[in-house]
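Let me begin by presenting the structure, written as structure tokens, before commenting on it.
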Amino acid sequence: DVSISLRNIRKDYDSQTEVLKDVSADVQTGEFFVIVGPSGCGKSTLLRMIAGLTPITDGDVLINDKVVNDLPPKARKLTMVFQNYALYPFQTVWDNVAFGLKARKLNQSDIQHRVDHALEMVNLTEFSKRKPRELSGGQRQRVALARAVASDAEICLMDEPLSNLDAQLRIKMRQEIYNLQRKLGLTLIYVTHDQVEAMTMADHIMVLNDQHVQQIGTPSDIYQHP
Ligand code: ADP
Ligand code: ADP
């Protein structure tokens with residue numbers, strides 16, 4: 001059961017900046033799919049094309065077997081977690097998580113239920129009235145995760161979500177994201193430049209390099225020679 005298909009994707013920002021040449025991949029429903037590769041190889045660009053945040057030069061993105069090239073981000077039924085978390089500094093944790101749901105005009109009790117549930121899932125219930133600046137880095141990261149949980153989207157895109165955390169916290173949050181993905185049965189596409197992260201979390205890994213897909217496989221396919 002394929003959730004996302006990338007078919008012969010090409011991306012040029014302009015004639016001087018050819019970023020990706022011929023990227024194809026299938027992401028199965030419910031899998032943890034990691035895109036790994038050196039800085040600047042186009043990982044973020046690829047994720048943004050799946051989200052509909054930047055246009056594709058050539059090729060197709062399919063979500064649940066439908067070409068979505070011309071669909072705006074909101075119509076794609078996915079949620080994205082950014083590197084910098086993108087929190088509203090003057091709103092409480094609770095309101096940060098509720099924001100997208102209010103924008104979708106869900107009813108009050110539905111919003112209440114979803115936000116409370118999402119905060120519980122990431123162990124932030126007791127911090128719901130705080131502002132982002134009153135939180136640690138890991139807690140801020142959890143607010144961003146709670147947002148994704150509250151959205152109820154089946155597909156989640158994460159762009160280097162742990163890169164602003166110190167090494168110890170990164171390992172802890174890695175485990176939390178892994179557990180969350182499994183518990184919710186999310187189809188998760190996770191971008192990182194960290195091979196260890198890729199290896200410990202992924203069902204499948206896509207290695208991007210030099211504008212191409214170098215390899216797609218399970219962690220043991222890809223990292224069998226230590
Ligand atoms: P990664 O996420 O792997 O670090 P990016 O997708 O951010 O890579 O960037 C890939 C390449 O595209 C880089 O050379 C970067 O400078 C270029 N690039 C990214 N965004 C833009 C943009 N909006 N306009 C022009 N070039 C860009
Ligand atoms: P508004 O739409 O005016 O923000 P809400 O009823 O959504 O009003 O929320 C009012 C305030 O109460 C918000 O600032 C929010 O931080 C807080 N709040 C609402 N529900 C909860 C909850 N379950 N737990 C903690 N704080 C909440």
Side-chain angles (χ1 to χ4, degrees), residues 3-27 31-63 68-74 76 78-87 137 140-141 144-145 147-148 153 155-167 169-170 173-174 177-178 181 186-217 219 221-223:
S3 207
I4 296 170
S5 285
L6 309 177
R7 301 218 178 130
N8 310 104
I9 304 263
R10 190 162 68 87
K11 177 64 175 178
D12 310 334
Y13 279 106
D14 53 58
S15 59
Q16 316 306 325
T17 323
E18 300 176 353
V19 181
L20 294 167
K21 271 188 174 140
D22 185 19
V23 174
S24 293
D26 284 335
V27 179
E31 81 162 313
F32 201 129
F33 189 92
V34 176
I35 301 172
V36 70
S39 181
C41 75
K43 304 182 295 297
S44 216
T45 299
L46 187 55
L47 210 61
R48 293 169 61 80
M49 287 191 287
I50 297 168
L53 297 171
T54 191
I56 299 167
T57 306
D58 200 8
D60 290 314
V61 173
L62 288 81
I63 297 179
V68 297
N69 298 1
D70 298 324
L71 277 190
K74 277 185 180 149
R76 297 190 181 203
L78 45 77
T79 182
M80 190 152 170
V81 176
F82 296 93
Q83 195 168 55
N84 61 6
Y85 319 144
L87 303 181
R140 281 179 208 159
Q141 172 59 42
L145 294 178
R147 253 190 199 159
I155 298 169
C156 181
L157 311 179
M158 295 193 185
D159 191 358
E160 307 237 13
L162 305 183
S163 59
N164 288 328
L165 303 178
D166 65 51
L169 193 54
R170 215 150 52 215
M173 291 306 298
R174 204 190 273 164
I177 290 175
Y178 182 85
Q181 184 270 340
L186 277 178
T187 304
L188 177 56
I189 304 187
Y190 184 103
V191 161
T192 181
H193 63 267
D194 182 338
Q195 290 192 1
V196 176
E197 221 165 86
M199 202 164 54
T200 52
M201 298 172 106
D203 292 313
H204 287 98
I205 298 174
M206 170 198 274
V207 183
L208 278 185
N209 211 346
D210 195 22
Q211 308 185 332
H212 287 97
V213 178
Q214 193 175 320
Q215 211 179 349
I216 297 181
D221 292 337
I222 288 175
Y223 299 111

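Computation of the quantities below employed the complete heavy-atom set of this structure, encompassing side-chain atoms and omitting hydrogens, waters and symmetry-equivalent molecules. Ligands are counted one by one from 1 in listed order, and the atoms in each one are counted from 1 as well.
In this structure, a donor-acceptor pair under 3.5 Å is absent between the side chains of Asn164 and Asn84. Looking only at atom types and distance, the side chain of Tyr190 has no donor-acceptor partner in the side chain of Gln181 under 3.5 Å away.
Side-chain contact between Arg76 and Ile155 is absent, with no heavy-atom pair separated by less than 4.5 Å. Looking at heavy atoms from C-beta onward, Ile177 lies in side-chain contact with Leu162 at the 4.5 angstrom threshold.
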Write none if no such pair exists; otherwise list each N/O atom of ligand 1 with its protein N/O partner under 3.5 Å and the distance.
{"residue": "ligand 1", "atom": "2 (O)", "partner": "Ser44", "partner atom": "N", "Å": "2.8"}
{"residue": "ligand 1", "atom": "3 (O)", "partner": "Gly40", "partner atom": "N", "Å": "3.4"}
{"residue": "ligand 1", "atom": "3 (O)", "partner": "Cys41", "partner atom": "N", "Å": "3.2"}
{"residue": "ligand 1", "atom": "3 (O)", "partner": "Gly42", "partner atom": "N", "Å": "3.0"}
{"residue": "ligand 1", "atom": "3 (O)", "partner": "Lys43", "partner atom": "N", "Å": "2.9"}
{"residue": "ligand 1", "atom": "3 (O)", "partner": "Lys43", "partner atom": "NZ", "Å": "2.9"}
{"residue": "ligand 1", "atom": "4 (O)", "partner": "Gly40", "partner atom": "N", "Å": "2.7"}
{"residue": "ligand 1", "atom": "6 (O)", "partner": "Thr45", "partner atom": "N", "Å": "2.9"}
{"residue": "ligand 1", "atom": "6 (O)", "partner": "Thr45", "partner atom": "OG1", "Å": "2.5"}
{"residue": "ligand 1", "atom": "8 (O)", "partner": "Gly42", "partner atom": "N", "Å": "3.1"}
{"residue": "ligand 1", "atom": "20 (N)", "partner": "Tyr13", "partner atom": "OH", "Å": "3.3"}

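Legend: side-chain hydrogen bond (donor to acceptor under 3.5 Å, both in side chains) pairs involving residues 48-57, not counting sequence neighbours, sorted by first then second residue: Lys11-Thr54.
Atom CG of Leu47 sits about 6.0 Å away from atom CD1 of Ile35, to the nearest 0.5 Å.
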